[in-house]
Amino acid sequence: MGLKTVGQRVPRVDGLTKAVGQAVYAGDMEMPGMLYGKALRSAYAHAKILSIDTSSAEKIPGVHVVLTAKDIPGINKFGLAILDQPVLAADKVRMRGDAIALVAAESGDIAEEALQAIKVSYEELPGIYTIEAGLADNAPLIHEEMGTNLLQHTKVRKGNIQEGFARADVVVENTYYTQRAEHAYLEPETSLATIDVSGNVTIWTSTQYVFRDRRQIAPVLGIPTNRVRVIQAATGGAFGGKDDITTEIQAGLLALKTKRPVRVTWSRAESMVCSTKRHPMKIWCKTGATKDGRLVALEGTVYSDKGAYCSIGHFITKKAGLHLSGPYHIPHISVDTFAVYTNNTVSGPFRGFGILQSALAHESQMDMLAERLGMSPWEIRMLNA
Amino acid sequence: MALIALDLTVNGKQTQVQVEEDKNLLYLIREVLGLKGAKEGCGEGDCGACTVILDGKAVNSCLVLAVQAQGKELVTIEGLGRPDNPHPLQRAFVEEGAIQCGYCTPGMILSAKALLDYNPSPTGSEIRTAMSGNLCRCTGYQKIIRAVQKASNSMAEGKEVL
Ligand code: FES
Ligand code: FES
């Protein structure tokens, strides 16, 4: 048919710019009068903040501003789906790496020195580091206003589960655990924010979703969304990890307060501690098949470790449940999912959105069923696909 | 911190700079010389995004003190080709689809260049060894290795000169 593009090998439009080192990432940008922003991170996973003393930090020459929760002009909350994450922790911290204060200074070194000079006194609270501890009776609450650490419970029901298992000749039942994982995109999170004479804020950033970013930035800055412009710079990998707000609000707040361009870049260590991770999950699965290898019933539970905040993890957890049957036809299904807050690092989107965790469970079940039935792993899959 | 004056060759040009004595070579390149092609991925020698060529050897510029560049010859990605006249390695990376986000790319290409300067016809395993200090999270390594192989072949056939 002589199509020019479809079915042809075409070079990336930005390939050559990247190959010669001319692609501009947010960290490559500089502006006249630009300041360097940094965040003070929580030393504890779960603690009350008793006091924050920024006075000595403010006196360091070259420090332009030190901000804490009380300086936020708008709301002190953000979140991809639910606004449950503070921009700057006010009364308590819920995970290691919660931001407590922001500094803008003439250089990164001065900003770092200022962070060291901020004194925070904490009262440590009992922490929750497992799903089980989060759901235990009388568990300490991570978000008190919710009255529970259970963020969400969803159900999948199809057919009649008792009837399904009654028809099963073999049943395989197992519990699977998956680990937390870091995206480790090669470019750490970076944003550069500027403010113009009319108060419009422009933020160049390493992100995945500029519109969702501006919808979260504007309410914190206390300005209408149409006064916030977010521009995606060349982005050095993301894999779901830059779906959430990272440095955007921090840079925006500092620019708003100093009226200077401010660039915030997280160190690799900071990125490891603060950015979202793939949800660790505990998946229990009971799968029944007839002796000729046909799947007849699936019962399961999926528990996800949300870490301290939702991000979009209620949806990811639900999706793990929706995919627990894998690509197979199963007439009778009963699956429950539970998203549980803990004091671990916040879990969020990461390639697969919960489906990988489920795949470990349903594919392991298939192998074990095949073994029990004396079938080949290929045969049982083809039969049920 | 005291400022130290340095003389070095940057991409073929004799250059004089001043830099704080505690800064690393990556800082000198990005912040003092303003060459933004070298990237910082980790700042501690793990990722290779900051790779440049110093006196013919690929180095992690985050692990070299700026003052160690005194009297040396520095090559950064800006010293290879330009978009209208790319280096064979740069062309091969584009053609082989060895670039996705591109953050690892300058470091990858410079590691490959240091290899080809020293060993113009490397085997697959020699390429793998030479590139083992450069991490890529997007593309995977097959296409990158193919790109280096391709550049080496086209240079050997004399179709391309350095
Ligand atoms: S920044 Fe130098 S090795 Fe990662
Ligand atoms: S292309 Fe993104 S890290 Fe290599």
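Lettering of chains follows the sequences in order, A, B, ..., and the numbering in each one begins at 1.
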**Q** Can you give me the closest heavy-atom contact between Pro188(A) and Gly41(B), atom names plus distance?
**A**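 In this case the closest contact between Pro188(A) and Gly41(B) is CG-O, 3.6 Å.
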**Q** Before giving the answer on side chain to side chain contact (heavy atoms under 4.5 Å, CB included), spell out for Asp28(A) and Arg30(B) the whole-Å C-alpha distance, their side-chain angles and the decisive distance to 0.1 Å.
**A** CA-CA 8 Å; Asp28(A) 300 336; Arg30(B) 287 182 56 87; 2.8 Å; yes
**Q** What distance do Asp109(A) atom CG and Tyr27(B) atom OH have between them, rounded to the nearest 0.5 Å?
**A** 7.0 Å
**Q** Please determine, among Gly236(A), Ser271(A), Ala234(A), Ser267(A), the option with the most heavy-atom pairs under 4.5 Å with chain B.
**A** Gly236(A)
**Q** Salt-bridged, Arg268(A) to Asp46(B), with N to O below 4.0 Å?
**A**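 No, Arg268(A) and Asp46(B) are not salt-bridged.
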**Q** So does Ala184(A) get a backbone contact from the side chain of Arg137(B), meaning a donor-acceptor N/O pair under 3.5 Å?
**A**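 Confirmed, Arg137(B) side chain pairs with Ala184(A) backbone.
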**Q** Give the member of Glu40(B), Met108(B), Lys39(B), Glu78(B) that has the highest number of heavy-atom pairs under 4.5 Å with chain A.
**A** Lys39(B)
**Q** If you count the non-hydrogen atoms of other residues, nucleotides and ligands that lie under 6.0 Å from NZ in Lys57(B), is the total more than 12?
**A** no
**Q** Between Met29(A) and Lys36(B), is any pair of side-chain heavy atoms under 4.5 Å apart?
**A**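 Side chain of Met29(A) against side chain of Lys36(B), heavy atoms only: no contact under 4.5 Å found.
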**Q** Please report the closest heavy-atom contact between Leu186(A) and Leu135(B), naming both atoms and the distance.
**A** CD2-O, 3.2 Å
**Q** Where on Glu44(B) is there a heavy atom nearer than 4.5 Å to chain A: the side chain, the backbone, both, or neither?
**A** neither
**Q** Check the pair Cys138(B), Phe239(A) against side chain to side chain contact (heavy atoms under 4.5 Å, CB included), reporting the backbone distance first and the verdict last.
**A** CA-CA 9 Å; Cys138(B) 311; Phe239(A) 320 125; 3.7 Å; yes
**Q** Taking only heavy atoms into account, what residues of residues 17-25 of chain A are found under 4.5 Å from chain B?
**A** Lys18(A), Ala19(A), Val20(A), Gly21(A), Gln22(A), Ala23(A), Tyr25(A)
**Q** So which heavy atom on Cys101(B) is nearest to which on Gly237(A), and how close?
**A** CB-N, 3.3 Å
**Q** For atom NZ of Lys150(B), is the number of surrounding heavy atoms from other residues, nucleotides or ligands below 6.0 Å larger than 12?
**A** yes
**Q** For the interface with chain A, which of Gly43(B), Gly102(B), Cys104(B), Gly37(B) has the highest count of heavy-atom pairs at distances below 4.5 Å?
**A** Gly102(B)
**Q** Hey, is OH on Tyr141(B) packed in by over 12 heavy atoms from elsewhere, all under 6.0 Å?
**A** yes
**Q** Between Arg9(A) and Glu95(B), does at least one N-O distance fall below 4.0 Å, as a salt bridge requires?
**A**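 A salt bridge is absent here (no side-chain N lies under 4.0 Å from a carboxylate O).
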**Q** With a sphere of 6.0 Å drawn around CD of Glu31(B), does it hold more than 12 non-hydrogen atoms of other residues, nucleotides or ligands?
**A**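 Atom CD in Glu31(B) is crowded, with more than 12 foreign heavy atoms closer than 6.0 Å.
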**Q** For atom CZ of Arg229(A), is the number of surrounding heavy atoms from other residues, nucleotides or ligands below 6.0 Å larger than 12?
**A** no
**Q** Please report the shortest heavy-atom distance between Gly15(A) and Ile99(B), naming the atom on each side.
**A**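 Closest approach of Gly15(A) to Ile99(B): O-CD1, 3.5 Å.
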